[in-house]
2 protein chains.
Amino acid sequence: MATKCYCIALRKAERRVTSVYDEALKPAGVNIAQFSLMRTIEREAPVSLSKIGRLAELDRSTVGRNVKVLERMGLVKTLHGEDQREAAVVLTARGRSVLVDGAKLWDEAQTMIEKRLGVVATRQLKTLLQTL
Amino acid sequence: MATKCYCIALRKAERRVTSVYDEALKPAGVNIAQFSLMRTIEREAPVSLSKIGRLAELDRSTVGRNVKVLERMGLVKTLHGEDQREAAVVLTARGRSVLVDGAKLWDEAQTMIEKRLGVVATRQLKTLLQTL
DNA sequence: CCCATTTACGGGTAGATACCCAATTAATGG
DNA sequence: CCATTAATTGGGTATCTACCCGTAAATGGG
């Protein structure tokens, strides 16, 4: 029951919560990692892989690979601007549509978590996750 | 700064905390996922992949693959008991030695997290992660 | 005792993640 | 203006993770 290791407990919780969000987002055809990546791209577009990485706290190579998956799915595309090194990632029309559909589903997942925790614990969670 | 999505915040925290433990365990030659898996095997040996999966809340196929890595590293080995279907996973001598070395390093990581959070937040964290 | 169901694995496929190294392009200091 | 340094990618390699499917073994009814 009680996992002594904070890290392992955190990893278990991460898997459980991720699956709640993934399940909720299924109708939109993306998982939470992809959804979040697309939201960052939407907010910052056109944006380089490095910048996405800094914002999402992900390795650049990870971002590159994840973006490639979204490209294959037709949800984002990569252009090139002045700086020939940089990729300029933007959403496609279908990508924007997925974000619209996903927003409602994401809200449901958020609410589900808040309901599971209650008001006090939810606030605690926010604080803790920022500190960790 | 403030990630609104509980899931994304949780995933970020998971990556950060995991890297703290992975870094701490480096001298032992394993990461936190492997260390935890080995501890489960130590506690339950000889144990089947399915049972490990239930205990660790991991898919059986995941456990199978992770155990294979530990086998390649010479830290565990798989025997077979009465039930011909079941694998009976046990630690090797080297595996036990890694657990001994790792225990101190793991303690350091645990302490690091407790120090980062303080007593109150640490207790809150435990409760929250159990609820999630 | 035999067949249907359940249980346990293994492999295929695929995504998320990170580290390292090489190549290309930009920027900067002399 | 050129050489050195810095920044951006891409690809190789490797883990961790999960889902699905097929196979083999155990189990429980009839």
Side-chain angles (χ1 to χ4, degrees), chain A residues 7-8 10-23 25-26 29-38 40 46-73 75 78-89, chain B residues 7-8 10-23 25-26 29-38 40 46-73 75 78-89:
Chain A
C7 188
I8 294 301
L10 189 58
R11 289 167 67 91
K12 284 183 183 176
E14 180 269 326
R15 292 195 296 270
R16 286 192 292 255
V17 172
T18 293
S19 98
V20 168
Y21 282 73
D22 283 353
E23 207 55 45
L25 285 171
K26 217 164 228 173
V30 292
N31 62 32
I32 183 61
Q34 294 168 335
F35 184 71
S36 172
L37 180 52
M38 287 175 68
T40 300
V47 60
S48 73
L49 299 178
S50 293
K51 184 165 186 190
I52 297 174
R54 280 190 296 271
L55 293 170
E57 292 181 39
L58 288 171
D59 191 87
R60 291 101 182 259
S61 67
T62 299
V63 174
R65 284 173 166 90
N66 293 358
V67 163
K68 196 159 289 174
V69 173
L70 292 179
E71 256 173 356
R72 265 207 307 280
M73 298 169 75
L75 303 180
T78 298
L79 314 171
H80 286 278
E82 311 141 31
D83 191 329
Q84 283 309 101
R85 295 170 305 181
E86 282 188 2
V89 184
Chain B
C7 188
I8 293 301
L10 189 59
R11 289 166 68 90
K12 284 184 183 175
E14 181 269 325
R15 291 195 296 269
R16 286 191 292 254
V17 172
T18 292
S19 98
V20 168
Y21 281 74
D22 284 353
E23 207 55 43
L25 285 171
K26 216 162 229 174
V30 291
N31 62 33
I32 183 61
Q34 293 167 336
F35 184 72
S36 171
L37 180 52
M38 288 175 67
T40 299
V47 61
S48 72
L49 300 179
S50 294
K51 183 165 186 191
I52 298 174
R54 280 190 295 273
L55 294 170
E57 293 180 39
L58 288 171
D59 192 86
R60 289 110 181 248
S61 67
T62 299
V63 174
R65 284 173 166 90
N66 292 357
V67 164
K68 195 158 291 175
V69 173
L70 292 179
E71 257 173 357
R72 264 206 309 279
M73 296 168 76
L75 304 179
T78 298
L79 313 172
H80 286 279
E82 312 142 31
D83 191 329
Q84 284 309 105
R85 294 170 306 178
E86 282 187 3
V89 184

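Lettering of chains follows the sequences in order, A, B, ..., and the numbering in each one begins at 1.
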Work out which heavy atom in [X] is nearest to a heavy atom in [Y]; give both atom names and the distance.
X: A/Val63; Y: A/Leu49; value: CG1-O, 3.8 Å
X: B/Arg15; Y: A/Ala56; value: NH2-O, 3.0 Å
X: B/Ala33; Y: A/Arg11; value: CB-NH2, 3.6 Å
X: B/Met73; Y: B/Gly29; value: CE-O, 3.4 Å
X: A/Leu55; Y: B/Lys12; value: O-NZ, 3.6 Å
X: A/Val67; Y: A/Thr78; value: CG1-OG1, 4.3 Å

Applying a 4.0 Å non-hydrogen cut-off, can you work out what [X] is touching in the nucleic acid: base, sugar-phosphate, or nothing?
X: A/Arg60; answer: base
X: A/Asn66; answer: base
X: B/Thr62; answer: base

Would you say [N] has OP1 or OP2 under 4.0 Å from some side-chain N or O of [X]?
X: B/Asn31; N: D/dC16; answer: yes
X: A/Ser50; N: D/dA7; answer: no
X: A/Lys68; N: D/dG11; answer: yes

>> Looking at A/Asn31, is its backbone amide N or carbonyl O close enough to the side chain of A/Gln34 to form a donor-acceptor pair, meaning the two atoms are under 3.5 Å apart?
In response: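 Checking the backbone N and O of A/Asn31 against the side chain of A/Gln34, a donor-acceptor pair under 3.5 Å is found.
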Atom-pair distance ([atom1] on [X]; [atom2] on [N]), nearest Å:
X: A/Leu58; N: D/dT15; atom1: CG; atom2: P; result: 21 Å
X: A/Ile52; N: D/dT8; atom1: CD1; atom2: P; result: 12 Å
X: A/Leu49; N: D/dG10; atom1: CG; atom2: C1'; result: 10 Å
X: B/Gln84; N: D/dA24; atom1: CD; atom2: C1'; result: 10 Å
X: A/Asp59; N: D/dT15; atom1: CG; atom2: C1'; result: 14 Å
X: A/Glu14; N: D/dC16; atom1: CD; atom2: C1'; result: 10 Å
X: B/Arg15; N: D/dC16; atom1: CZ; atom2: P; result: 17 Å
X: A/Glu86; N: D/dG10; atom1: CD; atom2: P; result: 12 Å

> If you pin B/Arg85 and A/Ser61 to their nearest nucleotides in DNA chain D, which one's is more 5'?
Replying inline: A/Ser61
>> Working note: B/Glu71 + B/Lys68, criterion salt bridge (Lys or Arg N to Asp or Glu O under 4.0 Å); need CA distance, chi angles, decisive distance, verdict.
In response: CA-CA 5 Å; B/Glu71 257 173 357; B/Lys68 195 158 291 175; over 6 Å; no
>> From C-beta outward on B/Val69, which listed nucleotide comes closest to its side chain: D/dT17, D/dA25, D/dT15?
In response: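 So the side chain of B/Val69 is nearest to D/dT15.
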>> Can you identify which nucleotide, out of D/dA7, D/dG12, D/dT17, has its nearest atom closest to the A/Arg65 side chain?
In response: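 Nearest to the side chain of A/Arg65 among the choices is D/dG12.
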> Considering heavy-atom distances to DNA chain C, does B/Arg11 or B/Asp83 have its closest nucleotide positioned more toward the 5' end?
Replying inline: B/Asp83
> Earliest and latest nucleotide of DNA chain C, 5' to 3', sitting under 4.0 Å from a non-hydrogen atom of chain A?
Replying inline: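 Terminal contacting nucleotides, 5' to 3': C/dG15 to C/dA26.
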